[in-house]
Amino acid sequence: MTSPNGGAQTVPFNQKLALLLAMAMFVLVVDTSIMNVSISAVVNDIGATVSGLQSTIALEALVSAAFILIGGKIGDLIGRKRAYVIGLACYAVGAVAMTLAQSLLPIIICWALIGGLGASLLLPAMQSLIHGNFEGDAQHRVYALVGASAAIAAAVGPLLGGFLTTFLSWRVAFLLEALIIAVVLSGIKLVKDVPYTGPRELDLFGSFLSIVGMGGVVLGILVWQEGGEAVGALLAVGAVGLGGLVYWLIQRKRRDKPTLLDPDLFQAKTFRFGATGQMLQQIALGGTMIVLPIYLQMVLGYNAMQSGLSIAPLSLTMFAVAMIAGKRSGRRRPASLIRWGFLFLVLGLAVLVPIVPRADSGWWLLIPLIISGFGLGLLVSQLNNYTLSPISDERVSEAASVNSAAGSFGLSFGLAFAGGIMLASLSTIFIGLSNASTVLPPDDKQQVATVLEDDAQVMSDAQLQEQLAGQPEDIQNEIIRINTEARPLALQIALFVPILAGLAGLGTSFRMMRIPDPKPAGTGEGSVLG
């Protein structure tokens, strides 16, 4: 930035605002983590069913995903700062409802529906406000801080929720969430709104197609994750909706009519590669965060707190590296740091594969998790800034919506696909080992195959022994042996989901290296759209 007399003018880094934005992102991510680990306690306290509460969690994810592309446009129309405040307020309503709820209905309405809509407003608005309130290196640092905050929330959320639920109450966890939101809102005067000067007409049919497309894809993933039916049909509906949205946007653009998203965004290689990298990074993170806790709890017998502590090196390294890289990236090309990020991520995960069947404690995971955390920290520090910094203020909300949608889809896909691959592998391996057994009678082999086909799950030896009560000792020992051999193999196979995502990201980073670095648009000084 330059002063009127032509000299350089340094804008002080607003550290308090950066911290408040990071706190807002922390709340957004940790909210679902707390709910996931509190299911049993919530069910007992309010007299609900596990399936009812799981459906409520899925509904919140579905609502936020279905409306996230629209959330950016609404932020344009009502003001990005106002959308940010409304999004936080919606989360506060959900948190307070969880604190006071005595039945499932207020949780469905306030936490899932209102909170899900709040997320669809909050994510695009937050990224737009980072873009408009910080410039240059400061903007880079805040994107890194907010990204690291999300990663920390994903990693420590289960640990925090488990601790509070175990020693105090799940209601205390949501009360603390509401208090954090109150602190964030208390600093709202520090936020400068980012004006929007584009068309103010809402593309209603485009909005409908985005709901059908994103909602269908995410619902298909959620149904697959729960082992439901009609997954292919739901994914097909989502794909048709997204394909129809692309066609509709192109036709509207040609007729010079307002669109939900400017299709020219995707012509910019920096934006396209950046959003793709964001999605692949989240697939890798989601796949890792579903596989490792299962390994630690079901194979090593750890509780939720021990699992969280074992995974902590990943999140802490990620946070530290993101902060350092955000401040001191210097003259290194962002694409180069992204390439190194994916390389370290893949290296750390690849080292885990041979360790899984040999480890007898979480200490075995320390070095690989630090290596992977180093890579994720580099990615978190670069990807959002790489993708959004060259976008003009006028287009930043829709670009942020697409970037957020790519990240949300990637995380959901990583969680569901790695989990699904793990269970399918477990079933196949277990049946194969059972059929090859010389100890199990033929009738027992058929029974094992039938049970696994209907209800495959990763079980600890203690859980399996309860299931086998009443069976002869040699049969019990043989099934436990088979289970002991099958679990690490299934987990090793599931690890290839994040590894392949990391390799695809590495390939994308080489394509980034072949194009010029994105030039920041500042506050409307230019645009990636030309």
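Basis for what follows: all heavy atoms, side chains included, without hydrogens, waters or symmetry-related copies.
Atom NZ of Lys269 is surrounded by 12 or fewer heavy atoms from other residues, nucleotides or ligands within 6.0 Å. Heavy atoms of other residues, nucleotides or ligands lying less than 6.0 angstrom from CD of Gln15 number 12 at most. The neighbour count for Arg82 CZ, taken as heavy atoms of other residues, nucleotides or ligands under 6.0 Å away, does not exceed 12. For CH2 of Trp248, the number of neighbouring non-hydrogen atoms (other residues, nucleotides, ligands) closer than 6.0 Å is greater than 12.
Distance CG/Leu383 to CG/Leu378: 10.0 Å, rounded to 0.5 Å. Between the CD1 atom in Ile74 and the CZ atom in Phe67 there is a gap of 8.5 Å [rounded to 0.5 Å]. Between the CG atom of Leu249 and the CZ atom of Phe205 there is a distance of 11.0 Å, given to the nearest 0.5 Å.
Side-chain contact between Ile493 and Ile421: present, with at least one pair of heavy atoms (C-beta onward) separated by less than 4.5 Å. Side-chain contact check for Leu379 versus Leu345: some heavy-atom pair is nearer than 4.5 Å. Using a 4.5 Å heavy-atom threshold, the side chains of Phe174 and Asp31 count as touching.
Residues meeting the side chain to side chain donor-acceptor pair (under 3.5 Å) test with Ser128, sequence neighbours left out: Ser397.
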For Thr288 and Val497, run side-chain contact (heavy atoms from CB on, under 4.5 Å): C-alpha distance rounded to whole Å, both residues' side-chain angles, the deciding distance at 0.1 Å, then the answer.
CA-CA 8 Å; Thr288 303; Val497 173; over 6 Å; no
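A cation-pi arrangement is absent between Arg141 and Phe134 under the rule of less than 6.0 angstrom and at most 45 degrees off the ring axis.
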